[in-house]
Q: 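I have a structure I would like to understand better, so I am pasting it below and will then ask my questions one at a time.
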Amino acid sequence: MAGDPPGRTLVIVALTCGGLTLTGCLLATAREGWDLWREQAVDEARGIVVTCLCCVALAVTSAGIGRARMDACADALAARPVSRVELVVCGDPSPGEWSFSYVANVRISGRVVGRVTLTCDEELSRGQVLGCVGRFSRAGGDEWGRSCRQRGICGSVRCVSVLTVEGPTGPLSPILRARDALVGLVRPGRSEARAVLAGIVLGRRSELAERGIDEDFSRSGLAHLVAVSGTHIAIVSAALSELLERLEARPSRRFVALAATGLAYVLLCGVPASALRAWLMSVAAGGALVAGRRDHTLSSVALAGLGMCVVDPGTAGELGFVLSVSCVCAISAFAGYASYALESLLSGIRLPRLPARVRRRVEGMVDDVRGTVAMAVVAQAASAPLVAGTFGRLSVLGPVSCLVAGPAFLACMCLGLPAVILAPVPVLGEALLMVADVPCWLLVHVARTVGRVPLACVPVERPAWIAVVAVVGAVVLLVMWPALTRRLMGATALALLIPVAAFNLYWSLLAPARVIVLDVGQGDAILVQDGRHALLVDAGPPDGSAAAALFRNHVLHLDGVLVTHLHDDHYGGLAGLVGTVAVDAVYVAEGAAEPAGRLLGDILRDLRVDGVEEVSYGDVLALGRFEARVVWPRQVVDGSENSHSIELLVSADTRGGELTVLLTGDAERDETGSVIAEGDVGDIDVLKVGHHGSQVSIREGDAERLDAEVSVASAGEDNAYGHPDPACVAILEGSGSLFLCTKDVGDVEVRPGRDGPCVRCQRGGI
């Protein structure tokens, strides 16, 4: 299976592009009348079918060649030291916490044999040739390995020691050096506005990632604005086309000028796949017009996309390319219908009486806005299955933020591109860059403001059938193409909104009293909820799993997050709550506020929380019918050690019964033993096992004194620590407790019951 995805992906891309092209042509001609379709479309349809079959055959052949090439490259790297090959950097650096990551071509004896991911402590530029001592790891059958092989990457190289670094070579080296020089003049590390300018105009995203701005754009649904794609090419082409039209240039010369300018811009941006696809589409469409053929977007995107996949099968696995092709196909097929739907919805709104000239201008602006919103909605719908399947989250406010950010983005391109090109000119270049800073700053402000709104970006599960449902829905819509009225759309919207509103109202105000140990992998996150009140005890690791777990348990608001201690598998997930869940407060142990402020400063700002609050021994947090009392630590701590973990005794007395739960963070047997010895905790219903169920979590005597009916450990599947330890499991089960671990059963929900706690697991049938 490890070698199969590239071929499968390529076939899917080929069939999708070809199928959309065929469907678009058939529908376009069919709507002109059945007789016209019979007379003119049959031959065209046959030609498209034959072309699609040829493209599929070429795609399958190319996929086989690409798979063989990856295997050969992996074998070559496994058979020789990394120091005997050359690694040619293909992209800008992706900064990590301790090093930089790149995609690099592997060159042996002057010939490129494949592609790897490269991790290096030094920052390198696109096109540089690296000689190093390192370790090669072949892409396996896990998720990371499959992702690599889909992009034509055979494995990874970890650079241990740099031997040589040479400048870019080959025909593109002057352009790459010019790009590096322009990046240096823009100085993207100087400010957020300059980082955005470099991303929009030059396709340089390293500083965006380093400053975390890319997360703001992703949450707000504006990530495509800082990734050079068809929109950027269209703006450049439109500006040049306007100039050439004023100069009354002949169509053939206009085509050559537009093609050359577009290619120059694509090269200047570092040849990203989405931009190259857009340029090839424009060349195909422009060439057709010059040759006297009709401009057909679906045919252009199919031709450009398939051509790129045949030349480089790894392109089919690049998310940016796939998103770009999908959005263009969807916009071509459905933007007109979406605009018609908006027009039908707004048909009852009448403009006031205005002078004829003003009225025409206002109507033109309304049409432009409607078209923009329609394209944004369609693009959002087309990209949603891919984004959800890849990142596990979805921007809800994408169409709105696109509409708001559109003018600022246009200004960024129109002011930023001339500023970057003229940056080498003394005084003038810097002055133009300062002018371009203004719309870039506005764009950052829009992305950050929208991205921090609760529910701006929602976590979603990754069902395999989501893409199938999307394709089937698109086909059904194309076939039915129903007529719309305001009454029909209103009734449909009401039928959808009423159950959604009732569902949200119930979980926002009437949620049952419950404690859930959330499955967040190797970390801790426990939800205590009753009605409209909810407290999250720890936020899990920094992979967003806590936000996803809260969303699948229908939690949209938290009274607070209590961080038991300052280890990143307990506080790291706070960043994932930004733009997803509203948080009123963050709590830490007495003495840990200052170090927590240093660690969490930016996250607290993004959550719109004013600092952290301290809780100490004996403090009680009230959450509806729940009370959470701090029983450890008894002294001032800084939160840096497991022994500093806050232990909470959570109890509730409801009509349905009572419930007592001990939450221990990463506290171990000494701390929990002290709590029991001092009489702060006695017989309980549920124990959240300390330190993920390690060998030193609890003593046999303490387990018997607690006499918990259920014990739950939070641990990740195949974790490197062996959690939960068999000795810990044996002690707890020996005391008569039912032992559960999140890695086995998923989320563990406990509710008060008259005959003991009511337990429900996400998996496992309990």
Q: Quick check: closest heavy atoms across Leu197 and Gly416, and the distance to 0.1 Å?
A: CD1-CA, 3.6 Å

Q: Nearest 0.5 Å please: distance from the CG atom of Leu208 over to the CD1 atom of Ile200.
A: 8.5 Å

Q: Restricting to non-hydrogen atoms, name the atom on Ser218 and the atom on Ala223 that form the minimum distance, rounded to 0.1 Å.
A: CA-CB, 4.2 Å

Q: Are Asp75 and Arg80 close enough for a salt bridge, meaning some N to O gap below 4.0 Å?
A: no

Q: Is there side-chain contact between Val328 and Arg277, with at least one heavy-atom pair below 4.5 Å?
A: yes

Q: Fit a plane to each ring of His445 and Trp441, take the angle between them on a 0 to 90° scale, and name the class: parallel (under 30°), tilted (30 to 60°) or perpendicular (over 60°).
A: parallel

Q: To the nearest 0.5 Å, tell me how far Asp568 CG sits from Leu574 CG.
A: 11.5 Å

Q: Is the shortest distance from a Lys or Arg side-chain nitrogen in Arg219 or Glu215 to a carboxylate oxygen in the other one below 4.0 Å?
A: yes

Q: Assess the residue pair Phe409 and His232 against the criterion (ring-ring contact (aromatic ring centres under 6.0 Å, His included)); give the C-alpha distance rounded to whole Å, side-chain angles, the decisive distance to 0.1 Å, and a yes or no.
A: CA-CA 10 Å; Phe409 170 69; His232 302 67; 5.1 Å; yes

Q: Strictly distance-based, threshold 3.5 Å: is any side-chain N or O of Arg177 a donor or acceptor partner for the main-chain N or O of Pro168?
A: yes

Q: About how many Å separate CG of Leu268 and CZ of Arg179, when rounded to the nearest 0.5 Å?
A: 7.5 Å

Q: For the CD atom on Glu123, are there more than 12 heavy atoms of other groups (residues, nucleotides or ligands in this structure) within a distance under 6.0 Å?
A: yes

Q: How close do Ala198 and Pro188 get, counting heavy atoms only, and between which atoms?
A: CB-CB, 3.8 Å

Q: Looking only at atom types and distance, does a side-chain atom of Trp279 sit under 3.5 Å from a main-chain N or O of Ala259, one as donor and one as acceptor?
A: yes

Q: Taking the side chain as every heavy atom from C-beta outward, state whether Arg126 and Tyr102 have any pair of such atoms under 4.5 Å apart.
A: no

Q: Please round to the nearest 0.5 Å and tell me the distance separating atom CG of Asp214 and atom CD of Glu207.
A: 11.5 Å

Q: Does Ser220 reach the main-chain N or O of Gly451 with its side chain, forming a donor-acceptor pair under 3.5 Å?
A: no

Q: So how far is it from Arg211 CZ to Asp216 CG, rounded to the nearest 0.5 Å?
A: 12.0 Å

Q: Nearest 0.5 Å please: distance from the CG atom of Leu276 over to the OG atom of Ser229.
A: 12.5 Å

Q: With side chains defined as the heavy atoms from C-beta onward, is the minimum distance between Thr119 and Val157 less than 4.5 Å?
A: no

Q: Ser545 side chain to Val520 main-chain N or O, any donor-acceptor pair under 3.5 Å?
A: yes

Q: Is it the case that the side chain of Ser191 and the backbone of Arg194 share a donor-acceptor pair, with hydrogens and angles ignored and the cut-off at 3.5 Å?
A: yes

Q: Is there a side-chain contact (heavy atoms from CB on, under 4.5 Å) between Tyr721 and Gln522? Walk through the geometry before answering.
A: CA-CA 10 Å; Tyr721 311 99; Gln522 190 63 20; 3.7 Å; yes

Q: Can you check side-chain contact (heavy atoms from CB on, under 4.5 Å) on Phe100 and Leu118, steps first, answer last?
A: CA-CA 8 Å; Phe100 298 92; Leu118 170 66; over 6 Å; no

Q: Begin with the C-alpha distance, continue with both residues' side-chain angles, and end with the deciding distance and a verdict on side-chain contact (heavy atoms from CB on, under 4.5 Å) for Asp121 and Trp98.
A: CA-CA 7 Å; Asp121 295 338; Trp98 305 109; 5.7 Å; no

Q: Can you tell if the side chain of Ile421 reaches within under 4.5 Å of the side chain of Val201, non-hydrogen atoms only?
A: no

Q: Whether Asp92 and Arg205 form a salt bridge (side-chain N of Lys/Arg under 4.0 Å from carboxylate O of Asp/Glu) is what I want to check.
A: no

Q: Please check if the side chain of Thr117 supplies one atom and the backbone of Val103 the other of a donor-acceptor pair under 3.5 Å.
A: no

Q: Got a sec: does the CZ of Arg135 have more than 12 other heavy atoms crowding it under 6.0 Å?
A: no

Q: Might you work through the side-chain contact (heavy atoms from CB on, under 4.5 Å) test for Leu222 and Val226, ending with a clear yes or no?
A: CA-CA 8 Å; Leu222 298 175; Val226 289; over 6 Å; no

Q: Any side-chain heavy atom of Thr164 sitting closer than 4.5 Å to one from Leu130?
A: no

Q: What are the two closest heavy atoms between Leu443 and Cys412, and how far apart are they?
A: CD2-SG, 4.2 Å

Q: Does the side chain of Ser156 come within less than 4.5 Å of Val116's, by heavy atoms?
A: no

Q: Side-chain contact test, heavy atoms from C-beta onward, threshold under 4.5 Å: evaluate it for Val113 versus Arg107 and give yes or no.
A: no

Q: Where the side chain of Thr580 meets the backbone of Cys457, is there a donor-acceptor pair that is under 3.5 Å apart?
A: yes

Q: Determine the minimum heavy-atom distance between Leu87 and Ala104, stating which atoms define it.
A: CB-CB, 4.3 Å

Q: Report yes if the side chains of Leu415 and Pro439 come closer than 4.5 Å at any heavy-atom pair, otherwise no.
A: yes

Q: Can you give me the closest heavy-atom contact between Cys159 and Cys132, atom names plus distance?
A: SG-CB, 3.5 Å

